[in-house]
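For reference, the structure discussed in these notes is given below.
Below, all heavy atoms of this structure are taken into account, side chains as well, without hydrogens, waters or symmetry copies.
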Amino acid sequence: MLRFAPSPTGDMHIGNLRVALFNYIVAKQKNEKYLVRIEDTDNERNIEGKDKAILDILNTFNIKYDQVVYQSENFKLHWKFATDLLTQKKAFVCFCSADDIEKQREIAQKEKRPYRYSGKCEELSDVEVLEREDEPFVVRLKKPQNSIKFKDIIKGEMEFSPFDIDSFVILRQNKIPTYNFACAVDDMIYDISLIIRGEDHLSNTPKQIAIQKALGYEKTIEYAHLPIILNSEGKKMSKRDEASSVMWLLEEGFLPEAIANYLILLGNKTPKEIFNLEEAIKFFDLKKLSKAPAKFDIDKLRFINREHLKQTDDLASLLQIHKSLNNLAKVYLEEASTLKELKSKIDEVLAPREKNEEWQTEIDLIKKEILENELENDYNEFKNRISKNTGLKGKKLFMPLRLVLTNQSHGPNISDIYPAIKNLIKELIR
């Protein structure tokens, strides 16, 4: 199966969502199951309720999963595998304190070289380890003898030397497995065939492969590391960028299908620009993704969102307004690109009219004419009758007429708005 493995430590950002989408699409293409694995091993950083929020967002985006598991449920298996590695001398107990490690890091920094574990505890005998069993310790995996190589679907051939991988920790002092160990073991347990994730995980991959090799796992897992998403300044998107938050985008009125469309399009070659998830499943190809980082363009997302809104027959339901206003919403789509903007335009049309010192005399004439007569179906006939009976022409007709009908001094053509609100006009101006 394929998997999406988020941590319940914060709100979902667009990088997470892109990973979830791509794994879902490829799972459908390969006809394999789709697993959501909540990586909840970091108790100090876990936030209550964030796991449910993750699943809610997946449901909102119509990303259907076959199974949800929590990584903490597999602790016993993690410990069992760690014990196997210790027994086979492929891992070792390390008594080095945090202070010892920090001193080694400082020395490495002064000597301008990357820190690597000194190997101090690697050759301790069983007797020496037993004599110190009351001391706090971690468990480290012995660094591999040979380079770890794998082919990345997006980045191509990758190779990491034993020096790159080092003898890293797999069990902490509190016996909680580290991210790399829990992840590597769980990918074995659930028979993961392909791992699609962000390129910030690239350095983790050789460590996870080293763990699996040490455990005798022979199946080859495929990898695809997605390039990072940059903000408008060309820097990696972070929590400080509002648009990086999926919830912010939804609250701003971007449609889930438009956000998905944009994230699939980002840094990708697709046969068309506007599409839905079902269409993407038919043409998506990981190999066509660019190796270079992609810049997030909120204006491009706005364009895509407007195109999806144009394809929506029932805008009124999305806006939670009366169905009679559906055509009015369609008219204002030319001026709005999100549901939030569109709702604001509609609300302004429906708001009580306030006095307008510049045009009040003309407004009163037009209001009287509208209230005392039946309204024509044709806008031109309506306009000509108002002009004839009030004597208003040119700007003295059109500006106050716009204010009466829309409560706005600018906007779409009145000829387009009139038929959309004809049945409401008298009620609005009373």
Side-chain angles (χ1 to χ4, degrees), residues 10-18 20-21 24 50 52-63 229-232 237-266 272-280 294-351 406-413 416-417 420-421 424 428:
D11 294 330
M12 191 185 287
H13 56 76
I14 56 171
N16 296 138
L17 180 58
R18 183 169 65 152
L21 279 165
Y24 172 71
K50 290 300 178 185
K52 184 180 181 300
I54 290 166
L55 298 178
D56 286 345
I57 284 179
L58 295 182
N59 293 331
T60 297
F61 281 81
N62 206 26
I63 298 174
I229 300 175
L230 305 176
N231 62 16
S232 57
M237 282 194 100
S238 68
K239 291 178 181 178
R240 289 188 294 275
D241 297 293
E242 284 182 326
S244 72
S245 165
V246 177
M247 280 308 301
W248 183 85
L249 292 173
L250 292 171
E251 287 165 1
E252 284 297 300
F254 290 98
L255 300 176
E257 51 267 41
I259 299 169
N261 184 158
Y262 180 63
L263 291 178
I264 295 166
L265 192 69
L266 198 60
K272 57 182 181 176
E273 193 170 45
I274 307 300
F275 49 81
N276 59 36
L277 194 50
E278 290 303 312
E279 291 173 308
K295 185 176 284 190
F296 186 88
D297 184 348
I298 192 77
D299 291 330
K300 182 70 173 180
L301 176 57
R302 286 181 184 280
F303 164 76
I304 290 171
N305 200 61
R306 184 186 282 122
E307 292 305 305
H308 277 273
L309 285 170
K310 285 178 181 177
Q311 293 176 10
T312 304
D313 293 328
D314 191 3
L315 284 172
S317 291
L318 289 175
L319 292 164
Q320 296 180 318
I321 57 177
H322 195 273
K323 61 184 179 181
S324 62
L325 296 168
N326 195 55
N327 288 335
L328 181 63
K330 286 183 177 180
V331 172
Y332 272 96
L333 259 183
E334 296 304 319
E335 296 204 335
S337 56
T338 68
L339 289 173
K340 188 176 180 180
E341 291 171 357
L342 196 53
K343 183 72 162 54
S344 174
K345 299 283 184 185
I346 304 300
D347 286 347
E348 198 170 347
V349 174
L350 302 180
T406 71
N407 212 18
Q408 301 160 2
S409 56
H410 302 283
N413 292 330
D416 294 327
I417 294 173
I421 62 167
L424 292 171
L428 288 172

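The shortest distance between side-chain heavy atoms of D313 and N326 does not fall below 4.5 Å. Residues L301 and L249 meet the side-chain proximity criterion, which asks for heavy atoms closer than 4.5 Å. Within the 4.5 Å cutoff, the side chain of L277 has heavy atoms near those of the L21 side chain. Counting heavy atoms from C-beta outward, L350 and L325 have side chains that approach closer than 4.5 Å. At least one side-chain heavy atom of L265 sits under 4.5 Å from a side-chain heavy atom of K300. Using a 4.5 Å heavy-atom threshold, the side chains of D11 and V246 count as separate. Put simply, the side chain of F61 reaches to within 4.5 Å of the side chain of L17, judged on heavy atoms.
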For this session: Carefully, step by step, assess F296 and L230 under the rule side-chain contact (heavy atoms from CB on, under 4.5 Å).
Result: CA-CA 6 Å; F296 186 88; L230 305 176; over 6 Å; no

Problem set entry | F254 vs I298, side-chain contact (heavy atoms from CB on, under 4.5 Å): CA-CA, chis, key distance, verdict | CA-CA 11 Å; F254 290 98; I298 192 77; 4.0 Å; yes

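When the side chain to side chain donor-acceptor pair (under 3.5 Å) test is applied to N62, the partners found at least two apart in sequence or on another chain are K64. For N407, the side chain to side chain donor-acceptor pair (under 3.5 Å) test picks out no residue, with sequence neighbours left out. In this structure, K330 has no salt bridge (charged side-chain N to carboxylate O under 4.0 Å, His left out) partners at least two apart in sequence or on a different chain. For E334, the side chain to side chain donor-acceptor pair (under 3.5 Å) criterion is met by no residue, not counting sequence neighbours. In this structure, the side chain to side chain contact (heavy atoms under 4.5 Å, CB included) partners of N16, at least two apart in sequence or on a different chain, are F4, M12, H13. Every residue two or more places apart in sequence or in another chain that forms a side chain to side chain contact (heavy atoms under 4.5 Å, CB included) with E251 is listed here: M247. Among residues two or more places apart in sequence or in another chain, the side chain to side chain donor-acceptor pair (under 3.5 Å) test is passed with D347 by K343. Remark: Y332 engages no residue in a ring-ring contact (aromatic ring centres under 6.0 Å, His included) (not counting sequence neighbours). Not a single salt bridge (charged side-chain N to carboxylate O under 4.0 Å, His left out) links E348 to another residue, sequence neighbours left out. Legend: residues meeting salt bridge (charged side-chain N to carboxylate O under 4.0 Å, His left out) with R302, ordered by chain and number and at least two apart, are E341. Take E279 and apply the salt bridge (charged side-chain N to carboxylate O under 4.0 Å, His left out) test, not counting sequence neighbours, and it matches K272.
With hydrogens and angles disregarded, no donor-acceptor distance shorter than 3.5 Å links the side chain of T312 to the backbone of D314. With hydrogens and angles disregarded, no donor-acceptor distance shorter than 3.5 Å links the side chain of N231 to the backbone of D241. For the pair N305 (side chain) and S337 (backbone), a donor-acceptor distance under 3.5 Å is present. Using a distance-only test at 3.5 Å, with no hydrogens or angles considered, a donor-acceptor pair links the side chain of T60 to the main chain of D56. Between the side chain of N59 and the backbone N or O of L55, at least one donor-acceptor pair lies under 3.5 Å.
For N327 against A420, the heavy-atom pair with the smallest separation is C-CB, 3.9 Å. Across all non-hydrogen atoms, the minimal contact from V331 to P412 is CG1-CB, 3.6 Å. The two atoms that bring S244 and S238 nearest to each other are OG-O, 2.9 Å, heavy atoms only. The two atoms that bring I229 and R18 nearest to each other are CG1-NH2, 3.6 Å, heavy atoms only. Shortest non-hydrogen contact noted between A243 and I14 is O-CG2, 3.7 Å.
To the nearest 0.5 Å, atoms CD (E242) and CD (E252) are separated by 7.0 Å. The structure places CE of M237 at 10.0 Å from OG of S245, a figure rounded to the nearest 0.5 Å. Once rounded to the nearest 0.5 Å, the distance linking CG of L328 with OG1 of T406 reads 9.5 Å. For the atom pair NZ of K52 and CD1 of I57, the computed distance is 11.0 Å after rounding to the nearest 0.5 Å.
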Cut-off 3.5 Å, no hydrogens considered: what does the side-chain donor-acceptor table look like for residues 255-263, sequence neighbours left out?
residue: N261; atom: OD1; partner: F275; partner atom: N; Å: 2.9
residue: N261; atom: OD1; partner: H308; partner atom: NE2; Å: 2.8
residue: N261; atom: ND2; partner: E273; partner atom: O; Å: 3.0
residue: Y262; atom: OH; partner: D297; partner atom: N; Å: 2.7

